[in-house]
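One structure is given below, encoded as structure tokens.
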Amino acid sequence: MPTYSYECQSCQHVFDAFQYMSEDPLKDCPECKKEGSLKRLIGPGAGFIFKGEGFYITDYRSKSYKEKAKSESQSSSTSSDTKTSKTST
Ligand SMILES: [Zn+2]
């Protein structure tokens, strides 16, 4: 499920919402309850999400690096690589 960032044009409240692609974009601000005040952020909002995901991947990779260094005979770290590449769409 993709994550969308919204910003309220009325109170500047910014939040992320999980929505299906087929769902209509949100319009009403959950903070100030003003109808039609939400604006969907595409550029900077998405960048923020990717940044967070990158942290997760690098953390995962460093962990597998350690495991690889610890036991070089085992090749179990390759399975975690396929898992992370799957989520990149
Ligand atoms: Zn608001």
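Whatever order the structure lists ligands and atoms in, that order sets their numbers, starting from 1.
Crowding of Gln12 atom CD: a count of heavy atoms from other residues, nucleotides or ligands under 6.0 Å exceeding 12.
Contacts of Lys34 classified as side-chain contact (heavy atoms from CB on, under 4.5 Å), with partners at least two apart in sequence or in another chain: Ser10, Cys32, Ser37.
Glu23 and Tyr4 share no donor-acceptor pair across their side chains, judged by distance under 3.5 Å alone.
No side-chain donor-acceptor contact under 3.5 Å links Tyr6 to the backbone of Ala17. Side-chain N or O atoms of Gln19 include none that pairs as donor or acceptor with a backbone N or O of Pro25 at under 3.5 Å.
Note: Leu38 CG to Cys8 SG = 5.5 Å, rounded to the nearest 0.5 Å.
Nearby protein atoms of type N, O or S around the Zn ion (ligand 1) amount to 4 (distance under 2.8 Å).
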